[in-house]
Amino acid sequence: MAYENNVTELQQLYAQYAGAVAYVSVVNADGKAGIGSAFHIGDGIFVTAKHVIEFQTIVEVATTKRIEVTKDSDQYGHNTCYISPRIIEIIEGPYEHASEDVAVFRVELVDKFLPKVQLGSHTSHEIQDYEFILTDVLVIGYPPIPFTTTPNQVVASGQVNAVIDVRHSEYVHFVLSTMARGGFSGGVVMTKSGIALGLVTESLGTGSSLVETGYMSVMSIDAAIELAREKFDINLAEFGICRDLDSLIEIKMVNDSLGRLNSRLYNACVYVYDDDRDLFMEIHCDDQSLLHSAYEVFNSVSPTYIVESMSQENLIFFQAKGNPSASVLITAANAVKQFFENAGYKEMSIKKNTWQIKA
């Protein structure tokens, strides 16, 4: 068919995930109706923006797209069926993040065919300012269209124009070229490779500017992942999320001279890798005069462990003998952090895994 041959990759991507995005209709205390978006990440768990449901009564959550699915062949050799749009019942939640614009809830799964989006494994700690720039994305949600008779799913293509930090969030945000519209809030933003980059949270504008005149702002998906893990105890591997579990601790730091120019770059860092077999540490600082002292601070916490080191420009790499405890290594890393703070640096972000620490 000529039509099928002309289907683009983005159209195929949209067809794959359209059924995973639902609308959320709400009403406030004054009886005013509103609409937002939510998307399924697996096991009946949906993600939305907190401001979509905060101080609102949820009237209805529903999908609007017919889904084509492949199943085991029946006695007639048919292996394709279609799942029609449906109203979805919330059975747990919603749970709102205490300070971030994200919420999660679980719905009843009447069958296994509800599509889910593939979550990205990136974290705000790891992303620097050049990552994802000019990445092609799809935005899927339910901005209301005047004069229409039903909620309509809207999809828009765009690019990532900037990676930013905002004052009211601990998570990295992405600015998209797509026009911001009310109702997209809570919708998913997918990269061309088919992973969820984040969720639409707000339009960044000033004063009383219209939503459409602001920048579409997307919160990194790791905010939703952390909330879902807290509330539903999800297994990251089962959700297709790959995380570096062998980095015991990494603390990125920045001084005012760099931090005032770029919030995603750091110029000092202490890093400990420990997978119960290999163990090494790195200390980085653009100010080479601080490097050796920082190394001595780490060594002073566990002096018998440091057996060899290698210095490069702005970096000291060193290893340890024996099997120092994770708690001692974390204490040493925090001592280096304090040293850098005394030298005028401040913490930019921290990644810490505690599975090695025994209760």
Side-chain angles (χ1 to χ4, degrees), residues 122-133 162-167 169-173 220 222 243-357:
H122 56 276
T123 67
S124 297
H125 173 81
E126 298 161 342
I127 293 174
Q128 296 192 52
D129 64 337
Y130 54 81
E131 294 180 80
F132 293 106
I133 293 296
V163 179
I164 64 171
D165 290 285
V166 292
R167 295 174 183 147
S169 175
E170 295 182 2
Y171 292 90
V172 69
H173 283 58
S220 177
D222 58 322
R243 292 282 170 83
D244 176 14
L245 296 179
D246 297 324
S247 298
L248 180 61
I249 188 169
E250 182 178 40
I251 307 171
K252 294 179 178 179
M253 308 192 72
V254 65
N255 58 14
D256 287 341
S257 62
L258 178 63
R260 63 185 292 271
L261 301 176
N262 191 316
S263 63
R264 284 282 102 200
L265 297 180
Y266 62 95
N267 54 1
C269 179
V270 54
Y271 173 74
V272 180
Y273 178 92
D274 182 10
D275 67 355
D276 276 350
R277 298 187 305 273
D278 297 321
L279 170 63
F280 64 86
M281 289 70 71
E282 294 179 354
I283 298 176
H284 161 85
C285 186
D286 285 352
D287 185 346
Q288 296 184 49
S289 66
L290 298 176
L291 267 178
H292 184 73
S293 296
Y295 168 79
E296 292 297 336
V297 167
F298 194 105
N299 194 24
S300 68
V301 176
S302 52
T304 61
Y305 297 138
I306 309 303
V307 294
E308 61 179 271
S309 64
M310 177 180 66
S311 297
Q312 298 177 348
E313 184 178 4
N314 304 331
L315 173 71
I316 293 181
F317 171 91
F318 50 106
Q319 294 178 292
K321 67 178 180 179
N323 188 27
S325 69
S327 59
V328 167
L329 293 168
I330 289 175
T331 299
N334 281 320
V336 174
K337 172 190 172 184
Q338 183 64 57
F339 168 79
F340 281 133
E341 287 178 341
N342 293 339
Y345 290 75
K346 61 182 179 181
E347 180 186 312
M348 192 182 86
S349 63
I350 184 170
K351 176 175 68 174
K352 181 166 64 174
N353 292 305
T354 57
W355 64 268
Q356 296 99 325
I357 298 179

Should the ring pair Tyr271 and Phe280 be called parallel, tilted or perpendicular, given that the plane angle runs from 0 to 90° and is split at 30 and 60?
-> tilted

Hey, does the side chain of Ser124 reach the backbone of Val172 with a donor-acceptor pair shorter than 3.5 angstrom?
-> yes

Kindly say whether Leu315 contributes a backbone atom to a donor-acceptor pair with the side chain of His284 at under 3.5 angstrom?
-> no

Residue list, ring-ring contact (aromatic ring centres under 6.0 Å, His included) with Tyr345, at least two apart or on another chain = Phe340

Excluding sequence neighbours, so at least two apart, what forms ring-ring contact (aromatic ring centres under 6.0 Å, His included) with Phe132?
-> His122, Phe174

The salt bridge (charged side-chain N to carboxylate O under 4.0 Å, His left out) partners of Asp287 (sequence neighbours excluded) come to none

Could you tell me which residues satisfy salt bridge (charged side-chain N to carboxylate O under 4.0 Å, His left out) with Glu131, sequence neighbours excluded, listed by chain and number?
-> none

Using the salt bridge (charged side-chain N to carboxylate O under 4.0 Å, His left out) rule, collect all pairs that involve residues 342-351, keeping only residues at least two apart or in two chains.
-> Glu126-Lys351, Asp244-Lys351, Lys337-Glu347

What residue pairs, at least two apart or across chains, pass salt bridge (charged side-chain N to carboxylate O under 4.0 Å, His left out) with a residue in residues 250-273?
-> Asp165-Arg264

Residues in side-chain hydrogen bond (donor to acceptor under 3.5 Å, both in side chains) with [X], at least two apart?
{"X": "His173", "result": "none"}
{"X": "Glu296", "result": "His292"}
{"X": "Tyr266", "result": "none"}
{"X": "Asn267", "result": "Asn255"}

Can you find a pair of side-chain heavy atoms, one from Val163 and one from Tyr130, that are under 4.5 Å apart?
-> no

Give the intermediate values and the outcome of side chain to side chain contact (heavy atoms under 4.5 Å, CB included) for residues Leu279 and Gln319.
-> CA-CA 6 Å; Leu279 170 63; Gln319 294 178 292; over 6 Å; no

Classify the side-chain pair Gln338/Asn342 by whether it contains a donor and acceptor separated by less than 3.5 Å.
-> yes

May I ask you to check whether Thr123 and Asp222 show a side-chain donor-acceptor distance below 3.5 Å?
-> no

Where Leu291 and Cys285 come nearest, the two heavy atoms and their spacing | CD2-N, 3.8 Å

